Amino acid sequence: MDKLRTVRGVHDTLPEVLDKHNKVIDKGLKISNQYCYSQIETPIFEFSEIFIKPLGKSSDIVTKENYIFKDRSDDELMLRPEGTSGVVRAFLNAGLIQEVPQRFSYFGPMFRYERPQKGRLRQFKQFGIECLGLSNPMADVEVISVGYDYLQELGLINSLTLKINTLGDEESRLNYRKVLIEYLNDYKSNLSEDSVKRLSQNPLRILDSKNQNDQKILIKAPNILDYLNQESKDRFEKVTEGLEALGIDYYIDKNLVRGLDYYCHTAFEFITEKLGAQGTVLAGGRYDGLSKMLGGPDIPGVGWAAGVERLSLMVESDFSNKPDVVLLGVSEEYNTSLLYIMKSLVKSGLKVEIFYTGSMSKKFKRANKINASFAIILGEEEIKNKVIKLKNLFSGSEELIRLETAIETIKNFSNN
RNA sequence: GCGGGUGUAGCUCAGUUGGUUAGAGCGCGGGUUUGUGGUACCUGAGGUCGCCGGUUCGAAGCCGGUCACUCGCCCCA
């Protein structure tokens, strides 16, 4: 039995759960399509630089969560840990910079070698959108708005809150970084071990430390919003004004920083209390530098990604695969005829299941169990008279009628 | 990668201070009903007690390791 298991953090998805995933994805495709985002699909692995350069060499995703391997041509490849880099690479590759803006949606599996938890898997699905070629702050608002509508459509918006922040442009960030380091250096001996490490590598990430002592120190830390240059400040104001104009509630979390190098300006997260430690359900931001990091021209972009499994955990399921009609023969010798009948029913658009084995009693019990509405019964009498017996499983009434008549009856019923 | 919890039948769980053939409910199979269901009753199958090792006359229960899940940290969707 032991060898039959899946590898750690990688799960089978059984029909009932997969149905939820698909609904989550379908809603995303539908909403984003209305906003004229077109679906794109990119490979689940790429040359590893495609991810390493934009995400940052020191990022956790690259240093300890990567699935990097060499193929038989000795190329260093990486299973994708996120979708944005691949989409931008594909966009550049296809020469679509001639026609900006471009709006894309995508979904598919991502891979991160992390310690599994509820809502955190090593193979998980993301649905995301990317808007490329627009530096206008209204594009940020548009993208957040698509996310908002999406979560609303899923019926989840009331259990979520939107946090936003700005990381500013490069100049603002460098200025802020300098004062932050100066401030934190005074408390270096009191900071958590992780934060001391980050002080030299990626000081901004100290801001979202959950360590209580770190938090205390951070209360009086300089605020990034005070170190934005005029341009970055104006930009952020336009974004928040835009959200207000659309009636999208948000709160500014000055400590919200994204872990990936490619982010700048707007960063946002929709979070919930309902999933424990993995509360981020949809998150993204602006990544104007990404295209250049990949070796392309300077193309601005904004986007977000949503965790399909996490959203599914919050979504109600009404999965069923119940047939409109079940077919059962008095004995096994009628199964061939039933298969023939099945074809006509399927062609009429009905869902059908045949019960091949068991006694009549067993077959009816099974029909009840799966909640079928009708049964078509075939036996000696029916064959002789070239009819079928149609039984309404709710009322219990039966009639001997022609197959065509039965199809009409069933169709009328299931259309109501 | 770090720390805590859990691991008995397909599912939810009992299993008394270590002591014969490890239990229940639900579900599953067969039957009461050889052309008729949802109820009821009868009956059957299914467990190397996560895995490996140790302690013991004897381990599902104690000890060590390991694997998986879970909660938190880290990080993120």
Side-chain angles (χ1 to χ4, degrees), chain A residues 1-3 5-11 14 24 28 55 58-65 81-84 107-128 147 192-195 197-198 202 205-206 208-212 214 256-260 263 267 269-272 275-284 303-314 326 328-331 334 355 357-372 374-383 389 391-398 400:
Chain A
M1 265 318 248
D2 204 40
K3 280 174 188 155
R5 69 182 179 78
T6 58
V7 323
R8 187 179 200 195
V10 178
H11 293 173
L14 268 29
V24 165
L55 298 174
S58 68
S59 70
D60 281 24
I61 290 182
V62 169
T63 55
K64 56 179 208 192
E65 298 173 2
E82 55 97 42
T84 306
F107 71 88
M110 307 296 164
F111 305 85
R112 257 119 99 156
Y113 187 88
E114 295 189 89
R115 175 96 174 238
Q117 259 178 256
K118 182 179 178 184
R120 191 170 78 180
L121 302 163
R122 288 184 177 178
Q123 176 178 335
F124 60 100
K125 287 183 275 197
Q126 287 189 336
F127 173 80
S192 67
E193 211 178 304
D194 286 319
S195 290
K197 243 182 258 167
R198 286 184 291 210
N202 195 343
R205 293 238 313 267
I206 298 175
D208 63 0
S209 168
K210 281 180 196 163
N211 181 289
Q212 286 199 350
D214 289 357
L256 172 66
V257 265
R258 319 248 64 228
L260 312 179
Y263 282 112
E269 281 182 6
F270 285 89
I271 56 168
T272 179
L275 296 180
Q278 269 60 51
T280 305
V281 116
L282 184 152
W304 51 254
V308 172
E309 286 84 353
R310 287 184 188 176
L311 289 173
S312 295
L313 288 171
M314 301 177 73
V326 295
L328 43 102
V330 167
S331 71
Y334 301 101
F355 298 150
T357 58
S359 64
M360 287 291 272
S361 164
K362 277 291 154 203
K363 287 171 180 169
F364 277 104
K365 279 183 180 160
R366 230 178 299 160
N368 282 327
K369 175 164 279 178
I370 61 175
N371 231 334
F374 288 96
I376 282 178
I377 301 139
L378 204 60
E380 196 184 354
E381 189 189 348
E382 288 79 7
I383 294 284
K389 184 179 276 181
K391 176 161 185 162
N392 181 319
L393 290 168
F394 296 115
S395 66
S397 65
E398 300 180 348
L400 284 165

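It should be emphasised that the depicted structure is a prediction, and the values quoted were computed from it without experimental measurement. Here is the naming used below: chain letters follow the sequence lines, and residue numbers restart at 1 for every chain.
At whole-Å resolution of the value, NZ in A:Lys64 and P in B:G1 are 10 Å apart. Between A:Ile370 atom CD1 and B:G38 atom P there is a gap of 15 Å when expressed in whole angstrom units. Note: CZ (A:Phe107) to C1' (B:A77) measures 16 Å, nearest angstrom.
For A:Lys363 and B:U36, a side-chain-to-base donor-acceptor distance below 3.5 Å is absent, hydrogens and geometry of angles not being considered. For A:Lys365 and B:U36, a side-chain-to-base donor-acceptor distance below 3.5 Å is absent, hydrogens and geometry of angles not being considered.
B:G53 and B:C63 make up a base pair, with Watson-Crick or G-U wobble contacts both under 3.5 Å. Here B:A68 sits opposite B:U6 as a Watson-Crick or G-U wobble pair (both hydrogen-bonding atom distances under 3.5 Å). Across every strand in view, B:G58 sits unpaired, with no contact that passes the Watson-Crick or G-U test at under 3.5 angstrom. Nucleotide B:U48: unpaired (no Watson-Crick or G-U wobble partner with both distances less than 3.5 Å). Of the nucleotides present, B:G1 is the one that pairs with B:C73 by Watson-Crick or G-U wobble criteria, both distances under 3.5 Å. Taking a pair to require two hydrogen-bonding distances under 3.5 Å in either a Watson-Crick or a G-U wobble arrangement, B:G25 pairs with B:C11.
The residue A:Leu393 sits close to a base: some heavy atom pair falls under 4.0 Å. Residue contacts shown for A:Ile377 include a base, since a base heavy atom lies under 4.0 Å away. Residue A:Ala305 is classed as a sugar-phosphate contact, given heavy-atom separations below 4.0 Å to backbone atoms only. Across all strands, A:Lys118 comes closer than 4.0 Å only to sugar-phosphate atoms, never to a base (heavy-atom distances). A:Arg366 comes within 4.0 angstrom of no nucleic acid atom, judged by non-hydrogen atoms across all strands. Using a 4.0 Å heavy-atom cutoff across all strands shown, A:Val281 reaches sugar-phosphate atoms only and no base atom. Nucleic acid contact class of A:Gln117 (heavy atoms, under 4.0 Å, all strands): base. Residue-level contact check: A:Lys125 touches neither bases nor backbone, having no heavy atom under 4.0 Å from any strand. Within 4.0 Å of A:Gly9, counting heavy atoms only, lie sugar-phosphate atoms of the nucleic acid but no base atom.
For A:His11, no side-chain nitrogen or oxygen approaches OP1 or OP2 of B:A68 to under 4.0 Å.
Nearest nucleotide to the side chain of A:Arg120, out of B:G35, B:G72, B:C74: B:C74. Of the listed nucleotides (B:G35, B:A77, B:C69), B:C69 has the atom at the smallest distance from the side chain of A:Arg8.
Judged by centroid separation below 5.5 Å and plane tilt below 30°, A:Phe124 stacks onto the base of B:A77.
Annotation for A:Glu398: atom CD counts as buried by contact number, over 12 foreign heavy atoms lying within 6.0 Å.
Between B:C26 and B:A40, the two P atoms lie 9 Å apart (nearest whole Å).
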